[in-house]
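When reading the values below, keep in mind they use all heavy atoms of this one structure, side chains included, and skip hydrogens, waters and symmetry mates. From a predicted model like this one, the values you see are computed outputs, not experimental measurements.
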Amino acid sequence: MPSYATYPFGWSRKSLRRFLGLSALTLLVLLFLYEVRAILPPFLIAFFLAALLEPSIRHQEQHGHLFRSRTQIILAYYLFAAAVLVVLAIKVFPLASDQFTSISHNLSQYYASIQSSVNTFLVHHEKLLRYFGVKQTNLQSLLNDRSGPAQKAITAFLTGVRDIIQALLDKITWLIIIPVATFFIMRDYPKLRAKFIWFFPEPLQEQVDRISREVVDVFSAYLRGLVKICILLSICATLLFAALDVQYALFLGLLAGLFYAVPYIGNIITALSAAIVAFLSPHNVLGILQVHVNSFPFALIVGGSFGLLAGVIFDQLVYPRVVGGSVGLHPVLSLFALTAGATLFGIWGMLLATPVAASIQIVFSYFFPRLAQAPPYHLYEDISVKSAVTTHSLLPLGLIRTFKAAVTQMTGIWKSFRERRQGE
């Protein structure tokens, strides 16, 4: 009997040894990575950043005229990023830090002022609030009795943001590892990508090449567009708060840009924060209108103005043009992806839900090509014809003829009137 038939799956002795050796090597590699898992995040972040910037670098290589090599393009990106960080460190971060420090020092005073105003409102409108099921006469009891899922979700979100910021501040060495590793990965990215594709069987290499390129392009376009939107919203929100003379306008503007990356919840938190700050301090709007402390209508105006800016102008007009077209995901699927991402992975799930869902859609479109194709046109024709027939069948035939005759007669009268006017 041949030697290859004496082993499982018809393998030869050489194939079986190769399989066992690769399996043992894979287990050793996974065990090693598990042991050094504490140092893996900066290298994974570096690879992720390199993949995101790859489409832009590739475009500059193909169509750029200022730089001749890939290394020069990467160095230009680094110089631009360094210049932006220097400007932010000199002009923006110190002022934002001072405003944040002022908020922290006055936090207890702000809470006491809010508590006093809310208690007064609850006492003065006790009868009206009872119709809505609110029987408490002070803020503390109201918060204790009304701590529902929304409050828990906001608390969990803020706790998650605080933990992320604290974790980043604790990883000072990452500030050195990530830029250096990103530079070398970006420089050799085409070679690394080619070696990765080379591990697949030759009949699948072309398909893997297309899928991986499209997935990387979707992630890159989405996150680059999202960064542009967040920066633009931060500038617009800062100008809006400054025009309304809201205290800590720069800090609130930066907060708006940062939280806009988290759909729905981020805008709500920024609007509430701006409304609370506007409620607690006097204002001189545009140097003309004087607003006193604890003005509830003005707080609503500030929160509503930001809601209009972020929820209508940016969400409905700017976001679809800058980000929406780069993903190609149906709004219902996008909403489902956001909900699923938040349920499974919290904040990071919400941030990456849309590009991950778009990547899954790309992979599925290769296995099921009809998902990426438009339905035959005759199906639309059948639907339109059926709907037209149904609409006409609802009206009596005599009424339709009378209406057509009236329209024809009115058109003739109008034409004769215009001819007489022109003759005069």
Could you go step by step and tell me if Thr71 and Leu75 meet the side chain to side chain contact (heavy atoms under 4.5 Å, CB included) rule?
CA-CA 6 Å; Thr71 303; Leu75 289 176; 4.2 Å; yes
Quick one: do Arg70 and Glu61 satisfy side chain to side chain contact (heavy atoms under 4.5 Å, CB included)? Show the steps, please.
CA-CA 7 Å; Arg70 187 179 186 88; Glu61 281 186 305; 2.9 Å; yes
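- In this structure, CG in Leu52 is found 11.5 Å from CD1 in Ile45, a value given to the nearest 0.5 Å.
- Leu175 places none of its side-chain heavy atoms less than 4.5 Å from the side chain of Pro179.
- When atom types are taken as modelled, the side chain of Ser212 and the backbone of Val208 share a donor-acceptor pair closer than 3.5 angstrom.
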Please step through side chain to side chain contact (heavy atoms under 4.5 Å, CB included) for the pair Tyr248 and Phe241, ending with a clear verdict.
CA-CA 8 Å; Tyr248 315 123; Phe241 295 144; over 6 Å; no
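- A heavy-atom distance below 4.5 Å is not found between the side chains of Phe251 and Val277.
- Counting heavy atoms from C-beta outward, Tyr78 and Ile73 have side chains that stay 4.5 Å or more apart.
- Pairing each heavy atom of Val216 with each of Ala51, the nearest pair is CG1-O, 3.1 Å.
- Here the straight-line distance linking atom CG of Leu192 with atom CD1 of Ile197 works out to 11.5 Å at 0.5 Å rounding.
- By the 4.5 Å heavy-atom criterion applied to side chains, Leu49 and Ile178 are counted as neighbours.
- Shown here for Phe259 and Ile269, the closest heavy-atom pair between the two residues is CE1-CG2, 3.5 Å.
- Contact check for Pro41 versus Trp174: side-chain heavy atoms found under the 4.5 Å cut-off.
- Separation of atoms CG (Leu250) and CG (Leu95) is listed at 5.0 Å; rounding is to 0.5 Å.
- The closest side-chain heavy-atom distance from Tyr260 to Ser234 is not below 4.5 Å.
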Kindly determine whether Ser56 and Tyr77 satisfy side-chain hydrogen bond (donor to acceptor under 3.5 Å, both in side chains), including the steps that lead there.
CA-CA 10 Å; Ser56 180; Tyr77 280 17; 2.6 Å; yes
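- Taking the side chain as every heavy atom from C-beta outward, Ser305 and Ile301 approach each other to under 4.5 Å.
- Under a cut-off of 6.0 angstrom, the local environment of CD in Gln72 is crowded, with over 12 non-hydrogen atoms contributed by other residues, nucleotides or ligands.
- The two residues Arg213 and Arg193 have their closest heavy-atom pair at NH2-NH1, 3.2 Å.
- Put simply, CG on Leu244 and CG on Leu239 are 11.0 Å apart, with the number rounded to the nearest 0.5 Å.
- Between Ser273 and Leu252 the shortest heavy-atom distance is CB-CD2, 4.2 Å.
- Between Leu233 and Leu309, the closest side-chain pair of non-hydrogen atoms falls below 4.5 Å.
- Considering every non-hydrogen atom in both Leu226 and Ala261, the closest pair reads CD2-CB, 4.2 Å.
- In the displayed structure, Phe183 atom CZ is contacted under 6.0 Å by more than 12 heavy atoms of other residues, nucleotides or ligands.
- Here the straight-line distance linking atom CD1 of Ile229 with atom CZ of Phe314 works out to 6.0 Å at 0.5 Å rounding.
- With Arg224 contributing its side chain and Leu53 its backbone, the two residues share no donor-acceptor pair below 3.5 Å.
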Show your working on salt bridge (Lys or Arg N to Asp or Glu O under 4.0 Å) between Asp188 and Lys195 and close with a plain yes or no.
CA-CA 11 Å; Asp188 299 330; Lys195 288 184 179 181; over 6 Å; no
Take Leu223 and Phe48 through the side chain to side chain contact (heavy atoms under 4.5 Å, CB included) test and state the conclusion after the steps.
CA-CA 11 Å; Leu223 293 181; Phe48 186 71; 3.7 Å; yes
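- The OG1 atom of Thr182 sits 13.0 Å away from the CZ atom of Arg187 when rounded to the nearest 0.5 Å.
- Salt-bridge annotation for Glu214 and Arg210: absent, with no side-chain N of the basic residue lying under 4.0 Å from a carboxylate O of the acidic one.
- Residues satisfying the ring pair (Phe, Tyr, Trp, His ring centres under 6.0 Å) criterion with Phe200, sequence neighbours excluded, are Phe196.
- When all heavy atoms are compared, the tightest approach of Pro94 to Leu88 is CD-O, 4.0 Å.
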